[in-house]
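Scroll down for the structure; my scribbles are underneath it.
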Amino acid sequence: MSFTPPSSFTTRPTLEGTFGMSASTHWLATASAQSVLERGGNAFDAAFAGAFVLHVVEPHLNGPGGDMVALFATADDPTPTVLSGQGPAPAGATREHYLAEGLELVPGSGALAAAVPGAVDAWLLLLRDHGTWELADALAFAVGYARDGHPVLERVRATIATVERLFTDHWTSSAEHWLSGGRLPEVGELITNPAYAAVLDRLITAGEDAPDRESRIDAARTEWKTGFVAQQAVEFLSAPHRHSSGTDHAGVMTIDDFAAYSASYESATTLEFRGHTIAKTGAWGQGPALLQTLAILDGFEDERLDPSTAIGAHTILEAQKLAYADREAYYGDGQVPLDVLLSREYAEKRRALIGDRASAEFRPGVVPGSTPFIPPLRTEYNAPVEAAGVGEPTVRPTGETRGDTCHIDVVDRWGNIVSATPSGGWLQSSPTVPALGFCLGTRLQMTWLEDGATSTLRPGRRPRTTLTPTLVLKDGHPVNALGSPGGDQQDQWQLLYLLRTIVGGYTPQQAIDAPALHTTSVPGSFWPRTWEPAGAVVENRLGDHVISDLEARGHVVTRAGDWALGRLSSVGRDLERGVLTAAANPRGVQGYAAGR
């Protein structure tokens with residue numbers, strides 16, 4: 001092995017079995033998904049059930065008013081397929097309107113930051129086309145936790161505490177929902193969401209008279225997009241309310257925006273790397289930046305790809321800066337020259353820019369016929385007091401966690417496999433809609449109000465999302481599904497996993513447990529969209545010698561703590577042995593894998 005040997009200690013074993021495996025960011029979602037497998041459901045039934053539980057038990061990290069992106073393959077067709085549950089900007093979300101409102105950035109909280117909710121429709125589409133269970137059965141876990149209660153997480157309480165003043169002073173509907181009796185919920189206290197349980201009941205009853213399972217699910221999709229949910233959300237958020245700008249604005253979303261949206265399937269974008277096919281979304285997501293990073297790294301010897309060494313960490317950080325500069329310069333829901341950006345020739349030119357010193361420059365590449373967008377390169381932003389809780393609730397620069405997104409992976413004994421990253425609609429995104437028990441998301445903050453970018457705010461276009469699950473194939477067959485919360489860090493942490501498992505020979509749990517790092521030398525995707533030139537965040541376990549070397553090379557290093565970075569989970573298929581695997585993240589003491 002040319003990599004640093006993995007630690008003999010892992011926080012838990014890599015699970016192995018032959019029946020089915022589930023892994024997610026919360027034990028209740030994992031247990032619910034595994035229960036579905038045990039009762040005869042397939043991976044899609046299980047992922048659906050687990051995802052709706054995540055809406056309830058991780059409300060600070062995702063919600064039904066948010067979005068999701070998934071990659072999957074079926075037992076009958078191993079071709080990796082993307083499920084886009086990323087809704088677009090509403091028809092009224094024009095840059096002219098936002099500029100006229102006195103904004104220079106799309107807000108990080110409030111209804112003007114909301115894309116059309118896409119998560120629920122996407123999950124219903126997946127269940128209809130690839131699941132086997134009835135909607136009522138698949139939703140029973142989430143309905144039960146919403147109606148009967150679940151123990152509140154410490155991070156949920158901490159998140160509510162962060163935005164308590166915002167809730168009491170401005171978002172009184174959120175205060176009524178999350179500050180019952182005017183107090184913060186205690187850790188472990190059972191909390192309920194009867195309004196959301198009632199919403200799910202409405203989806204179920206919408207199809208009671210339909211003749212078959214597919215029609216019943218389609219009726220639920222129609223109810224979601226044209227019925228009670230859309231009406232209540234639009235009416236409530238049409239009243240001006242506080243945004244992260246410190247000013248009050250009304251939302252622009254309409255019932256027509258809800259009704260016009262449908263989740264969709266797309267072909268995956270793929271790259272061959274060391275005998276494996278890595279599948280990601282198109283460039284409307286950040287996924288191809290991982291592929292670009294791999295293409296750059298593929299030209300180095302194995303020793304340069306080890307994240308646990310100084311030269312490996314340096315090389316990885318520099319490759320990521322180049323790939324993510326291209327993300328900002330070219331990516332978005334439009335024409336993106338991926339054929340050039342993922343080509344061997346382009347990767348060679350980018351690789352040649354990696355020297356012995358850390359770069360503090362923003363260096364997008366040159367693509368013939370395309371003009372790179374240079375975003376505002378702010379190193380700081382004077383945010384108003386009311387901005388508490390905005391942006392993506394991810395890892396602070398210091399490494400302190402205040403949440404992330406969510407993730408769930410499932411593989412079944414038949415060969416169905418799915419990796420999904422639900423997010424958005426966090427409880428701190430916008431005021432809670434009282435009749436619904438949830439709020440809308442803030443994904444539009446990933447668009448620019450400057451003109452000239454593929455990711456400039458445009459009605460009907462998807463924001464360039466950070467949600468980025470991964471599917472790995474070998475010899476045309478899916479062998480690994482993985483993903484992570486973490487905003488701009490999602491693919492950076494997944495890169496470490498891929499390098500350590502594919503090149504370094506680590507087991508899945510060894511790769512998840514190993515010390516993590518990422519660059520902050522890229523404009524952030526979340527409000528207020530600042531960057532730290534040459535910035536790098538590392539776990540202390542990387543070691544003083546490695547960290548000192550990085551600093552000597554010019555990296556501006558932040559030590560995050562021993563167990564602070566990375567939120568990965570994964571499931572896999574060992575085709576040679578006929579074994580299924582699963583692994584989950586120990587950081588934050590929340591993620592779990594299960595299976596047999």
Side-chain angles (χ1 to χ4, degrees), residues 24-29 53-63 65-66 108-109 145-146 149-193 196 242 244 383-407 422-432 437-439 441-442 484-487 489 524 526-527 537 539 558 560-567 584-592:
S24 83
T25 49
H26 194 293
W27 61 86
L28 290 179
V53 169
L54 289 174
H55 288 165
V56 179
V57 301
E58 292 190 325
H60 60 314
L61 309 180
N62 81 140
S109 66
Y145 286 124
H150 62 92
V152 67
L153 296 168
E154 185 277 331
R155 296 313 308 165
V156 173
R157 185 183 193 277
T159 300
I160 299 171
T162 301
V163 290
E164 184 176 6
R165 180 178 171 186
L166 173 66
F167 284 6
T168 56
D169 290 353
H170 299 289
W171 296 0
T172 55
S173 62
S174 296
E176 291 169 2
H177 185 73
W178 296 109
L179 299 169
S180 178
R183 65 171 181 83
L184 289 167
E186 296 298 328
V187 175
E189 177 183 343
L190 287 181
I191 59 173
T192 63
N193 191 341
Y196 184 46
R242 187 56 47 95
S244 60
V385 174
E386 290 86 351
V390 301
E392 207 253 4
T394 186
V395 179
R396 296 182 188 273
T398 59
E400 178 191 353
T401 57
R402 50 189 171 123
D404 286 315
T405 287
C406 299
H407 189 76
S423 187
W426 313 297
L427 64 86
Q428 64 273 35
S429 295
S430 61
T432 298
F438 61 84
C439 58
T442 58
S484 174
Q489 289 81 54
F526 296 89
W527 189 95
V537 183
E539 287 187 320
T558 297
D562 285 341
W563 295 88
L565 309 177
R567 298 288 180 274
N585 165 57
R587 301 165 180 87
V589 199
Q590 194 168 308
Y592 259 84

Test item: [X] and [Y] side chains (from C-beta on) under 4.5 Å apart, heavy atoms:
X    : Y    : answer
V56  : H150 : yes
I191 : W178 : yes
R242 : D169 : no
N193 : H177 : yes
L179 : L184 : yes
L61  : S423 : no
C439 : W171 : no
V156 : P185 : no

Can you list the residues that meet the ring-ring contact (aromatic ring centres under 6.0 Å, His included) rule with Y196, with sequence neighbours excluded?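 With neighbours one apart ignored, the set is F438.
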For H407, ring-ring contact (aromatic ring centres under 6.0 Å, His included) partners two or more places apart: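 For H407 there are no ring-ring contact (aromatic ring centres under 6.0 Å, His included) partners, ignoring immediate neighbours.
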Residues in salt bridge (charged side-chain N to carboxylate O under 4.0 Å, His left out) with D562, at least two apart? none
Checking E539 now: which residues fulfil salt bridge (charged side-chain N to carboxylate O under 4.0 Å, His left out) with it, not counting sequence neighbours?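 Listed in chain order: R541, R587.
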Using the side-chain contact (heavy atoms from CB on, under 4.5 Å) rule, take W27 and Q590 through it: C-alpha gap first, then chi angles, then the decisive distance, then the call. CA-CA 7 Å; W27 61 86; Q590 194 168 308; 4.1 Å; yes
Can you tell me how far apart CZ (R157) and CD (E164) are? Round to the nearest 0.5 Å.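 R157 atom CZ to E164 atom CD measures 8.5 Å (nearest 0.5 Å).
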Within this structure, what is the OG1-NE2 distance for the pair T405 and H60, rounded to the nearest 0.5 Å? 10.5 Å
With V589 via side chain to side chain contact (heavy atoms under 4.5 Å, CB included) - residues at least two apart: none
Pair H26-V53, side-chain contact (heavy atoms from CB on, under 4.5 Å): steps then yes or no: CA-CA 9 Å; H26 194 293; V53 169; 6.0 Å; no
I'd like to know if the side chain of S429 reaches the main chain of T442, judged simply by a donor and an acceptor atom lying under 3.5 Å from each other, with no hydrogens or angles considered.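 No, S429 side chain to T442 backbone: no donor-acceptor pair under 3.5 Å.
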Given 3.5 Å as the limit, does a donor-acceptor pair link the side chain of S174 with the main chain of T432, or not? yes
Could you tell me how the ring of F526 sits relative to the ring of W426: parallel (under 30°), tilted (30 to 60°) or perpendicular (over 60°)?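 Ring orientation of F526 relative to W426: tilted.
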Pair E58, T25 - check side-chain hydrogen bond (donor to acceptor under 3.5 Å, both in side chains), show working. CA-CA 9 Å; E58 292 190 325; T25 49; 3.0 Å; yes
Sequence neighbours left out, what pairs pass salt bridge (Lys or Arg N to Asp or Glu O under 4.0 Å) with at least one residue falling in residues 171-184?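 Pairs touching residues 171-184 that pass the test: R183-E189.
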Derivation and outcome, side-chain contact (heavy atoms from CB on, under 4.5 Å), residues H55 and N62: CA-CA 6 Å; H55 288 165; N62 81 140; 3.2 Å; yes
Heavy atoms only: give me the nearest Y592-A584 pair and the separation to one decimal.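 Nearest heavy atoms, Y592 then A584: C-CB, 3.5 Å.
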